[in-house]
Asks: 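Below you'll find the structure I mean.
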Amino acid sequence: MTYRDAIDIDAPPERVWEVLTDVERWPEWSPTMTTVTRLETGMFRTGSNARVKQPKLPAATWRVTALVPQVSFTWTARSRGVTTEAKHVLVPRDGGGTRAESHVRQTGPLAWFAKLFFGRLTRSYITLESQGLKKRCEAG
C-alpha cells in the first residue's frame, strides 16, 4: 500500500529542509502530530529515532533509515504485522521554490488491515502535513 502527495512551496530547499528535519517542532505546524520526541541528541541523521504520537493512532518509534542532506530522508516504524516507511523528498523548482514530495508505504502481513482501517486517515494525514509544511515554510 503506497500513498503519495506533493506540494509546491515558495521557499528555497534549504528552508524547507530546515523545517522538515526539525521533527520535534512538527506538532506546531501539522495537526497530524500530537508530540514528537527525539530519542537522542545531535544532528538529525541516519539512525536517529523519534517517538511520535499522532491523533487516532498508537505511539510509534520512527527510525531514520536513509538521509541525503538537503534532499531527502526516509524513516520507518514497525508494529505488529506492518512496517510503515515514510519518505520525504525535496526537489528545487525552476525559477525558485521547492516541490516537497511525501511517500508512505506500508508492507507486511497485516498491511491490508492497515489499508482497510487506516487508509483514508493516512491519505488525509499526508495531505495535511504537506499543507502545514507549505504554510510554515512560506511564513518565514
Side-chain angles (χ1 to χ4, degrees):
M1 316 308 161
T2 301
Y3 307 92
R4 302 174 194 273
D5 192 56
I7 197 163
D8 290 334
I9 300 173
D10 291 327
E14 298 80 17
R15 168 67 180 150
V16 181
W17 182 257
E18 175 187 343
V19 171
L20 192 60
T21 58
D22 190 1
V23 295
E24 286 186 302
R25 296 186 75 174
W26 282 24
E28 295 175 11
W29 53 263
S30 177
T32 69
M33 301 287 168
T34 306
T35 59
V36 179
T37 307
R38 291 274 314 273
L39 300 181
E40 64 277 318
T41 59
M43 288 182 50
F44 189 73
R45 58 181 165 63
T46 301
S48 291
N49 295 283
R51 186 81 172 149
V52 176
K53 178 63 183 124
Q54 297 182 269
K56 302 180 184 178
L57 296 173
T61 299
W62 288 80
R63 180 176 183 81
V64 178
T65 56
L67 186 144
V68 178
Q70 308 292 318
V71 176
S72 68
F73 81 86
T74 303
W75 57 354
T76 303
R78 290 180 171 79
S79 61
R80 291 186 181 164
V82 180
T83 298
T84 303
E85 178 184 82
K87 183 174 185 175
H88 302 276
V89 180
L90 305 181
V91 180
R93 287 186 359 225
D94 291 339
T98 306
R99 183 164 187 83
E101 301 174 355
S102 300
H103 310 265
V104 174
R105 186 174 70 138
Q106 294 175 314
T107 58
L110 296 179
W112 66 270
F113 178 83
K115 180 181 181 183
L116 180 65
F117 287 97
F118 300 108
R120 184 175 299 178
L121 182 68
T122 300
R123 281 189 295 278
S124 171
Y125 277 12
I126 292 171
T127 300
L128 287 169
E129 287 173 13
S130 293
Q131 292 169 349
L133 179 64
K134 176 180 176 70
K135 184 175 179 182
R136 179 66 161 231
C137 292
E138 291 179 354

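Computed over heavy atoms, backbone and side chain alike; hydrogens, waters and symmetry mates excluded.
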Asks: Ignoring hydrogens and geometry, is there a side-chain-to-backbone donor-acceptor pair from T98 to A11 under 3.5 Å?
Replies: yes
Asks: Which residue pairs pass the ring pair (Phe, Tyr, Trp, His ring centres under 6.0 Å) test with at least one member in residues 5-26, sequence neighbours excluded?
Replies: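 Pairs touching residues 5-26 that pass the test: W26-W29, W26-W75, W26-H88.
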Asks: Please report the shortest heavy-atom distance between D8 and E138, naming the atom on each side.
Replies: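 Taking D8 first and E138 second, the nearest heavy atoms are O-OE2, 4.2 Å.
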Asks: Please name the pair of heavy atoms, one in A86 and one in V104, separated by the smallest distance, quoted to 0.1 Å.
Replies: CB-CG2, 4.2 Å
Asks: A100 and L133: which non-hydrogen atoms are nearest, and at how many Å?
Replies: CB-CD2, 4.0 Å
Asks: Report yes or no: do V82 and V52 belong to one cluster of Ile/Leu/Val/Met/Phe/Trp/Tyr joined by side chain heavy-atom distances under 4.5 Å?
Replies: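 No, it is not one cluster - the side chains of V82 and V52 are not joined through contacts under 4.5 Å.
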Asks: Between E40 and N49, is there a donor-acceptor pair closer than 3.5 Å when you use the side chain of the first and the backbone of the second?
Replies: yes
Asks: Any side-chain heavy-atom pair from R51 and L39 closer than 4.5 angstrom?
Replies: yes
Asks: Counting N and O atoms only, with roles assigned by atom type, does the side chain of Q106 sit under 3.5 Å from a partner on the main chain of A111, one being a donor and the other an acceptor?
Replies: no
Asks: For residues L57 and L121, determine if any side-chain heavy atom of one lies less than 4.5 Å from a side-chain heavy atom of the other.
Replies: yes
Asks: Looking only at non-hydrogen atoms, find the nearest pair between R25 and R136 and report the distance.
Replies: NH2-NH2, 3.5 Å
Asks: What I want to find out is whether D10 reaches R15 closely enough, with some N-O distance under 4.0 Å, to be called a salt bridge.
Replies: no
Asks: Indicate yes or no: at least one non-hydrogen side-chain atom of T76 is less than 4.5 angstrom from one of E85.
Replies: yes
Asks: Given the rule in the side chain to side chain contact (heavy atoms under 4.5 Å, CB included) test, do H103 and R105 qualify, once you have shown the distances and angles that lead to the verdict?
Replies: CA-CA 7 Å; H103 310 265; R105 186 174 70 138; over 6 Å; no
Asks: Within the 4.5 Å heavy-atom criterion, are I7 and R99 side-chain neighbours or not?
Replies: no
Asks: Taking all atoms of both residues into account, what is the closest heavy-atom pair of V36 and A50, and its distance?
Replies: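 Looking at all heavy atoms of both residues, the shortest contact is CG1-CB, 4.0 Å.
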Asks: Would you list the atom pairs, donor with acceptor, under 3.5 Å between side chains in residues 125-132 and any protein atom, with sequence neighbours excluded?
Replies:
residue: Y125; atom: OH; partner: P55; partner atom: O; Å: 2.4
residue: T127; atom: OG1; partner: R123; partner atom: O; Å: 3.2
residue: E129; atom: OE2; partner: T32; partner atom: OG1; Å: 2.8
residue: S130; atom: OG; partner: D5; partner atom: OD2; Å: 2.6
residue: S130; atom: OG; partner: I126; partner atom: O; Å: 3.2

Asks: Yes or no on side chain to side chain contact (heavy atoms under 4.5 Å, CB included) for R45 and V64, after CA distance, side-chain angles and deciding distance?
Replies: CA-CA 7 Å; R45 58 181 165 63; V64 178; over 6 Å; no
